[in-house]
Asks: 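The structure that follows is given in the form of structure tokens.
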Amino acid sequence: MASIDRTHLAQLLERERLTYRASNPKSLELYNSASNLFGSVPMTWMNKWSGGFPLYFETAHGNRIVDVDGHEYVDFALGDTGAMAGHSPKQSIKAIEDRIKTGGGITTMLPTEDAQWVGKELTKRFGLPLWSFTLTATDANRWAIRLARLATGKSKILVFSYCYHGSVDETFAVPDSTGKAVSRPGNVAPPVPLDHTTRVVEFNDLAAVERELQNGDVAAILTEPALTNIGIVPPQPGFLSSLRDLATQYGALLMIDETHTFSAGPGGMTKRDGITPDIFIIGKSIGAGIPSGAYGLSQEVADAISNHPDADLIDVGGVGGTLAGNALSLAAMRATLGEVLTDQAFEHMIELGTRYAGQVQDVLDRYDIPWSIVQIGARAEYRFTRPAPINGTESANASDDYLDEFMHLYMCNRGILMTPFHNMALMCPTTTTVDVDLHGELFESAIKELVQL
Ligand SMILES: Cc1ncc(COP(=O)(O)O)c(C=O)c1O
């Protein structure tokens with residue numbers, strides 16, 4: 001097995017940092033002059049980009065980004081899935097322009113016909129019959145958790161260690177040595193101790209799920225069908241169907257968040273693998289970047305909510321988001337789902353995802369590198385451990401900040417953007433085999449440098 005010398009890695013990383021700094025003087029200058037921005041960026045997570053400062057971009061079309069220093073990049077980050085339809089796809093832009101310029105009315109508190117079209121489309125893709133709209137997946141998760149508590153009369157949610165569902169207080173949990181939910185390292189100011197709201201176990205551990213459900217206080221199990229925010233951790237065979245059975249057996253709802261795993265196909269993993277959630281959450285990509293999120297409800301859950309004697313879902317209940325369901329989001333969703341993220345587009349994107357993952361695997365095999373790569377349709381991600389982790393804690397333990405930064409900067413300095421959060425790559429409808437092959441070549445040359453061949 002090839003090994004990577006840490007002193008050598010530190011030298012390579014320093015070389016890439018210096019190159020990045022020298023190649024991006026305008027971005028650096030803009031960053032250094034952002035004195036009225038908290039953390040010098042529009043949102044603090046933008047400091048996650050490697051190299052000490054983010055690139056400022058000038059234009060973004062399809063899977064290409066041009067930065068203020070004039071470099072063009074093949075973009076495999078795609079806004080961490082927000083731009084899975086590609087940047088500014090022309091069909092979405094036409095609908096957005098029509099709404100803004102011709103029809104007018106970005107947000108009015110009144111519905112447009114587009115909402116019904118999008119609801120039908122989401123039912124066709126993901127199966128759930130009834131839909132509501134939000135501006136983000138975080139909003140959708142937050143609101144859906146409240147509805148799950150209302151529908152079941154139970155107070156807690158069960159999540160998996162190192163999951164991510166947006167900034168949802170209940171979800172930033174890991175188990176302590178006794179299995180009690182405690183705040184995940186780095187969590188920001190939880191309102192109450194995590195065990196008041198949350199039960200948490202490891203992904204793929206059905207015995208632990210059942211043990212926690214036996215307490216009788218879990219309103220919903222909330223999970224991605226494969227974890228995608230701590231590397232990609234796929235479900236083991238039978239895990240999701242057993243989760244479904246356990247939820248039913250113990251009177252909890254199954255909430256499936258496909259914000260990222262939508263990459264699996266036009267109906268996400270839910271359609272591909274026959275999952276039957278009670279509540280479904282999606283966001284990010286469905287409006288081509290115009291803030292859009294949605295949650296779907298089964299008829300049973302909708303009935304339980306509607307028949308609840310106390311809750312007021314129209315006024316007092318704190319229904320989130322004055323701008324939710326706005327005309328612009330719905331126009332963007334209609335065009336993006338109807339004309340951009342089509343069956344045909346997914347076929348192309350998944351083919352490229354397979355090509356990408358195959359090339360990375362081939363290099364790992366040929367140089368005997370102890371890393372692994374996992375693919376979910378149009379998305380693939382490598383992790384610095386082999387075999388691929390089976391739960392969030394295993395995957396978290398495989399983190400390597402230095403290797404991470406080196407791989408990001410190595411790619412960026414040679415014209416490829418990877419998502420700043422770990423080593424995810426995503427294909428969009430305009431990604432090409434040439435783009436993927438460029439990554440494959442650069443990945444091999446990075447590996448050769450790392451193992452000093
Ligand atoms: C699975 C999942 N759900 C929800 C979210 C939250 O999305 P947003 O930040 O757009 O609200 C994310 C963000 O990465 C996510 O990965």
Side-chain angles (χ1 to χ4, degrees), residues 41-49 76-85 126 132-146 148 157-173 184 186-188 198 200 203 220-235 240 254-264 268-270 275 277 279-296 320-321 323-326 329 332-333 336 374 376-381 392 395-396 418-426:
V41 279
M43 213 330 154
T44 48
W45 49 252
M46 287 188 191
N47 279 321
K48 184 76 181 168
W49 285 96
F76 286 110
L78 293 171
D80 197 26
T81 313
M84 188 170 79
F126 304 112
S132 271
F133 299 102
T134 62
L135 294 183
T136 66
T138 301
D139 292 347
N141 276 311
R142 284 195 187 129
W143 186 242
I145 286 171
R146 300 174 89 200
I157 61 156
L158 189 155
V159 296
F160 294 101
S161 195
Y162 288 96
C163 66
Y164 185 71
H165 298 278
S167 47
V168 179
D169 284 314
E170 289 93 331
T171 60
F172 289 99
R184 180 175 161 174
N187 187 18
V188 177
T198 307
V200 60
F203 198 65
I221 302 170
L222 169 59
T223 188
E224 296 183 272
L227 301 183
T228 66
N229 286 287
I230 186 75
I232 296 178
V233 180
L240 294 173
L254 181 61
M255 287 176 61
I256 293 288
D257 178 351
E258 289 243 41
T259 300
H260 277 181
T261 52
F262 184 27
S263 60
M269 286 177 71
T270 293
I275 308 167
I279 301 182
F280 180 96
I281 293 96
I282 193 160
K284 293 202 186 189
S285 61
I286 54 175
I290 296 290
S292 308
Y295 55 89
L323 270 54
N326 72 76
S329 297
M333 283 189 246
T336 305
V374 179
I376 299 182
R379 167 193 312 277
E381 175 156 352
S395 196
M418 303 287 287
T419 192
F421 302 99
H422 27 106
N423 293 289
M424 192 276 291
L426 184 63

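Counting convention: from 1, in listed order, for ligands and their atoms alike. Side chains included, hydrogens not; waters and symmetry mates left out as well; all remaining heavy atoms used. No experiment lies behind these values; they were computed from the predicted model shown.
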Asks: Residues in salt bridge (Lys or Arg N to Asp or Glu O under 4.0 Å) with Glu170, at least two apart?
Replies: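 Partners of Glu170 under the salt bridge (Lys or Arg N to Asp or Glu O under 4.0 Å) test: Arg149.
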
Asks: Let me know which of Thr138, Asp257, Thr223 forms a side-chain hydrogen bond (donor to acceptor under 3.5 Å, both in side chains) with His165.
Replies: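 Going through Thr138, Asp257, Thr223 one by one, the side-chain hydrogen bond (donor to acceptor under 3.5 Å, both in side chains) with His165 is satisfied by Asp257 alone.
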
Asks: If the condition is salt bridge (Lys or Arg N to Asp or Glu O under 4.0 Å), which residues does Asp80 pass it with, not counting sequence neighbours?
Replies: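 Counting only residues at least two positions away or on another chain, Asp80 forms a salt bridge (Lys or Arg N to Asp or Glu O under 4.0 Å) with Lys284.
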
Asks: Between the side chains of Arg142 and Ser167, is a donor N or O closer than 3.5 angstrom to an acceptor N or O?
Replies: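 A donor-acceptor contact under 3.5 Å links the two side chains.
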
Asks: Measuring from each atom of ligand 1, which residues have a heavy atom under 4.0 Å away?
Replies: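 The answer is Thr136, Ala137, Thr138, Asn141, Tyr164, His165, Gly166, Glu224, Asn229, Asp257, Thr259, His260, Lys284, counting any residue whose heavy atom sits under 4.0 Å from ligand 1.
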
Asks: Name each donor-acceptor pair under 3.5 Å that joins a side chain in residues 227-235 to protein atoms two or more places apart or in another chain, with its distance.
Replies:
from, atom 1, to, atom 2, distance (Å)
Thr228, OG1, Glu224, OE1, 3.3
Thr228, OG1, Glu224, OE2, 2.6
Thr228, OG1, His260, ND1, 2.8
Asn229, ND2, Glu224, OE1, 3.3

Asks: Can Thr81 and Arg379 be counted as having a side-chain donor-acceptor contact under 3.5 angstrom?
Replies: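 A pair is found: one side chain offers a donor N or O, the other an acceptor, under 3.5 Å apart.
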
